[in-house]
Asker: 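Attaching a single structure in structure tokens format; questions to follow.
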Number of protein chains: 2
Amino acid sequence: MQYRTIKFNHGVLKLIDQRKLPLELRYYEARNYKEVESAIASMVIRGAPAIGAAAAYGVYLAAFEYRDLPRETFLAKVLEADTELAKARPTAVNLSWAIKKMERVLDNNQNETIDTILTALLNEADKIAEQDIETNMAMARYGNEIVPEKAAILTHCNAGALATVDYGTALGVIRKAHYSGKKITVYADETRPRLQGARLTAFELVEEGIPATLIADSAAATLLRDGKIDLVLVGADRIAANGDTANKIGTYMLSEIASKYRIPFYIVAPTSTIDFNISSGEEIAIEERSPEEITKIQGVRIAPEGINVYNPAFDVTPAENITGIITEKGIIHPPLAAGINSLKNEKGVMKN
Amino acid sequence: MQYRTIKFNHGVLKLIDQRKLPLELRYYEARNYKEVESAIASMVIRGAPAIGAAAAYGVYLAAFEYRDLPRETFLAKVLEADTELAKARPTAVNLSWAIKKMERVLDNNQNETIDTILTALLNEADKIAEQDIETNMAMARYGNEIVPEKAAILTHCNAGALATVDYGTALGVIRKAHYSGKKITVYADETRPRLQGARLTAFELVEEGIPATLIADSAAATLLRDGKIDLVLVGADRIAANGDTANKIGTYMLSEIASKYRIPFYIVAPTSTIDFNISSGEEIAIEERSPEEITKIQGVRIAPEGINVYNPAFDVTPAENITGIITEKGIIHPPLAAGINSLKNEKGVMKN
């Protein structure tokens with residue numbers, strides 16, 4: 001994208017404030033880990049890979065904040081901050097994945113000078129951010145192999161540059177297919193309640209001139225049934241060892257209709273999104289968010305006072321509805337459990 | 001309901017302005033047929049039965065407007081107004097059903113004095129409105145037979161008092177079940193893009209103290225899969241002779257998931273919603289509405305300029321996904337085509 005979602009310079013983490021898009025392109029500046037935590041919880045920054053990278057810088061900012069404390073206190077305080085950061089949102093496993101990576105660096109350097117520790121932590125956070133872009137590029141290359149020369153692609157939520165450090169996961173594949181000369185048109189679900197499709201995916205697609213049509217989430221089923229969609233590409237927030245995948249609420253419904261009409265349905269996600277510790281989607285904690293996301297839109301009240309609300313942020317798509325998982329290591333084909341299991345032992349894949 | 005959706009007094013058609021609910025309870029006053037047409041097209045009034053009753057008064061208002069013209073011109077102008085009214089919205093067949101009823105009265109009285117014609121037309125419109133309430137009561141009685149003593153009921157859009165002259169179709173059954181002492185809880189889909197669930201169904205349920213929870217449309221699929229829903233009740237805008245049913249966009253998707261998990265899925269609609277002239281859902285014209293319904297919410301822009309929009313107002317649920325159609329004549333069970341066919345010859349059912 002023209003803008004990078006996450007930047008770190010001179011002690012300041014700059015995040016594109018996604019609550020204000022597409023009306024305003026503004027940066028949110030976090031100068032300490034509490035501000036990073038708050039940016040993640042309030043969805044200034046969202047998207048599993050972006051949350052991971054932002055949290056890594058959060059760990060560094062905590063270390064920087066506590067640099068003058070005695071070593072033991074310093075180490076204890078940083079770990080305390082890590083725990084807080086890890087709780088900012090419950091579903092995206094990339095958050096704990098990135099924090100664990102940072103903790104490993106802390107652990108390996110615990111006897112070094114605080115200055116050395118700080119440098120090592122900053123390097124690791126930079127590496128996580130840079131690698132996210134490389135990972136997205138690799139997924140885009142693998143993903144492009146399964147995109148037909150001419151395709152109408154349905155996507156849900158925002159799995160774009162704005163959900164990552166740059167380039168995107170599902171939208172990364174779409175970018176790659178478009179720039180490689182394929183005739184791509186995109187249908188973007190608006191994605192209630194937070195409207196990431198209408199606000200963020202539509203923004204990215206319009207910016208880049210990729211032909212795109214915005215629809216209400218409810219309109220996708222008919223398009224799938226009527227043969228208007230050739231391929232579904234979505235991101236993921238957590239993938240269980242058996243391939244069950246948590247993603248934005250609404251994904252499961254798409255997967256059922258796509259499966260019924262045998263339309264290829266792919267998850268595009270880095271291996272850092274795989275939680276090798278859980279055997280199935282039943283173990284994934286689903287975040288429930290504020291009722292106001294449903295009763296108000298952009299601050300305008302739409303529902304009457306006194307109505308109850310149930311607002312889960314994610315749902316779980318069962319492995320059997322997934323045609324494949326496009327990762328930076330290649331495409332995992334069914335049976336997904338076997339493919340995920342063999343990834344476990346591969347170099348460069350950290351077990352969450 | 002405490003308020004009646006449609007009232008006609010002293011030459012003025014008073015309609016609860018549904019664009020302003022739930023924030024404001026205001027009446028829209030139509031004093032001529034053009035204002036009725038505009039109220040239907042702009043969705044001041046919506047819901048298939050309510051549209052039918054409003055249009056009937058529209059025909060009377062046209063006749064009243066042209067009462068001083070020579071008889072031939074008078075008759076021609078009223079028929080012209082009828083044609084315009086019938087075009088206000090394309091999918092709900094109750095609109096043309098009500099207009100045809102009014103035209104029959106006009107036809108039967110064409111040699112009477114204009115005053116007699118006017119009286120006959122007003123009586124017919126009043127009868128359509130009164131019968132709508134009776135019809136809803138009858139559907140509620142039949143429908144209540146299939147509602148368990150304790151049930152979580154999912155509904156989509158607004159098929160309530162606000163979609164009819166009073167009491168409602170799907171929500172009429174829910175009212176009846178609630179007041180008959182059954183333990184009913186309702187899950188209401190918010191129903192993008194026009195948010196009839198969040199604005200209107202939630203309003204009716206809160207007003208009457210029926211336990212209800214509002215959800216994003218995308219959350220329904222998981223509730224259905226996880227056994228949280230015992231019954232789905234929705235209205236209809238047009239039912240084909242084979243039972244295929246056009247209803248608010250999103251209904252089809254619910255029917256697929258309900259069907260997969262064998263959850264009873266009922267249409268609640270008067271026989272005036274059946275279009276005996278069309279053999280299947282493929283022949284139903286699906287209204288496409290303004291892109292602004294998607295790009296703006298309550299006047300607030302949410303999507304970037306330059307994005308294309310596809311905004312169908314309805315979708316078609318295939319007969320095989322429907323457990324039954326609850327009408328004022330009883331419940332039509334599968335095979336729906338046979339049940340609908342036998343209705344054709346029943347007294348009091350007008351063939352559209």
Side-chain angles (χ1 to χ4, degrees), chain A residues 21-23 156 185 187-193 195 197-199 202-203 205-207 211-225 248-254 256-257 260 286 291 293-295 297-312 315-316 318, chain B residues 21-23 156 185 187-193 195 197-199 202-203 205-207 211-225 248-254 256-257 260 286 291 293-295 297-312 315-316 318:
Chain A
L21 281 174
L23 303 182
H156 189 67
T185 61
Y187 283 92
D189 283 349
E190 63 172 357
T191 318
R192 279 286 289 154
L195 296 164
R199 298 191 300 105
F203 173 81
L205 293 168
V206 168
E207 283 279 307
T213 300
L214 184 63
I215 57 172
D217 303 318
S218 284
T222 298
L223 290 173
L224 287 162
R225 181 189 63 188
K248 181 55 55 199
I249 188 80
T251 306
Y252 161 63
M253 172 262 283
L254 298 179
E256 283 287 359
I257 313 288
K260 173 158 180 171
I286 298 296
E293 290 188 355
I294 304 281
T295 57
I297 296 185
Q298 306 287 75
V300 181
R301 183 147 196 109
I302 49 168
E305 301 281 349
I307 188 78
N308 300 318
V309 170
Y310 173 57
N311 182 23
D315 58 25
V316 175
Chain B
L21 282 174
L23 303 183
H156 189 67
T185 61
Y187 283 93
D189 283 349
E190 64 173 357
T191 318
R192 281 284 289 152
L195 297 163
R199 297 192 302 105
F203 173 82
L205 293 168
V206 167
E207 284 279 307
T213 300
L214 183 64
I215 57 172
D217 303 318
S218 284
T222 299
L223 291 172
L224 287 163
R225 181 189 61 189
K248 181 55 55 198
I249 188 80
T251 306
Y252 162 63
M253 173 260 285
L254 298 178
E256 283 287 358
I257 313 288
K260 174 160 179 168
I286 297 296
E293 290 187 355
I294 304 281
T295 57
I297 297 187
Q298 306 288 76
V300 181
R301 184 149 196 108
I302 49 168
E305 301 281 350
I307 188 76
N308 300 318
V309 170
Y310 173 57
N311 182 22
D315 58 25
V316 175

Asker: For A:Glu305, is it the side chain, the backbone, both, or neither that has a heavy atom closer than 4.5 Å to a heavy atom of chain B?
Answerer: backbone
Asker: So, for B:Pro22 and A:Ala303, which heavy atoms are closest and what is the spacing to 0.1 Å?
Answerer: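 Closest approach of B:Pro22 to A:Ala303: CG-C, 3.7 Å.
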Asker: Looking at every non-hydrogen atom in both residues, tell me the closest pair between B:Pro318 and B:Tyr252 and how far apart they are.
Answerer: CD-CD1, 3.7 Å
Asker: Please identify, among A:Gly197, A:Ala212, A:Gly306, the residue contributing the most non-hydrogen atom pairs under 4.5 Å to chain B.
Answerer: A:Ala212
Asker: With a 4.5 angstrom heavy-atom cut-off, is it the side chain or the backbone of A:Lys260 that approaches chain B, or both, or neither?
Answerer: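 Answer is side chain: those atoms of A:Lys260 sit under 4.5 Å from chain B.
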Asker: Looking at A:Thr251, A:Val309, A:Ile302, A:Leu21, which makes the most heavy-atom pairs under 4.5 Å with chain B?
Answerer: A:Ile302
Asker: Which region of A:Val300, side chain (C-beta onward) or backbone (N, CA, C, O), has a non-hydrogen atom less than 4.5 Å from a non-hydrogen atom of chain B, or is it both or neither?
Answerer: side chain
Asker: Let me know if A:Tyr310 has heavy atoms under 4.5 Å from chain B in its side chain, its backbone, both or neither.
Answerer: both
Asker: Please flag which part of A:Ile257 lies under 4.5 Å from any non-hydrogen atom of chain B: side chain, backbone, both or neither.
Answerer: side chain
Asker: At a heavy-atom separation under 4.5 Å, does A:Ile297 approach chain B through its side chain, its backbone, both, or neither?
Answerer: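 Answer is side chain: those atoms of A:Ile297 sit under 4.5 Å from chain B.
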Asker: Can you give me the closest heavy-atom contact between B:Asn311 and B:Pro193, atom names plus distance?
Answerer: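 Closest heavy-atom pair between B:Asn311 and B:Pro193: OD1-CG, 3.5 Å.
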Asker: Would you give the length of the straight line joining atom OG of A:Ser218 to atom CZ of B:Arg192, rounded to the nearest 0.5 angstrom?
Answerer: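 If I round to the nearest 0.5 Å, the distance is 10.0 Å.
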Asker: May I ask you to name which of A:Glu207, A:Glu190, A:Lys248, A:Glu293 has the most heavy-atom pairs under 4.5 Å with chain B?
Answerer: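 Ranked by heavy-atom pairs under 4.5 Å with chain B, first place is A:Glu190.
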Asker: For A:Leu224, is it the side chain, the backbone, both or neither that has a heavy atom under 4.5 Å from a heavy atom of chain B?
Answerer: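 No part of it gets close to chain B.
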Asker: Against chain B, label A:Ile215 side chain, backbone, both or neither, depending on which of its atoms sit under 4.5 Å from a heavy atom there.
Answerer: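 Contact with chain B is through both the backbone and side chain of A:Ile215.
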Asker: Counting only non-hydrogen atoms closer than 4.5 Å, does B:Leu223 touch chain A with its backbone (N, CA, C, O), its side chain (CB onward), both, or neither?
Answerer: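 Contact with chain A is through the side chain of B:Leu223 alone.
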Asker: Of the listed residues (B:Arg225, B:Met253, B:Arg301), which shares the most heavy-atom pairs with chain A below a 4.5 Å separation?
Answerer: B:Arg225
Asker: Tell me, for A:Leu23 versus chain B, whether the close heavy atoms (under 4.5 Å) come from the side chain, the backbone, both or neither.
Answerer: side chain
Asker: Between atom CG of A:Asp217 and atom CG of B:Asp189, what is the distance when rounded to the nearest 0.5 Å?
Answerer: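 So the CG of A:Asp217 and the CG of B:Asp189 are separated by 11.0 Å.
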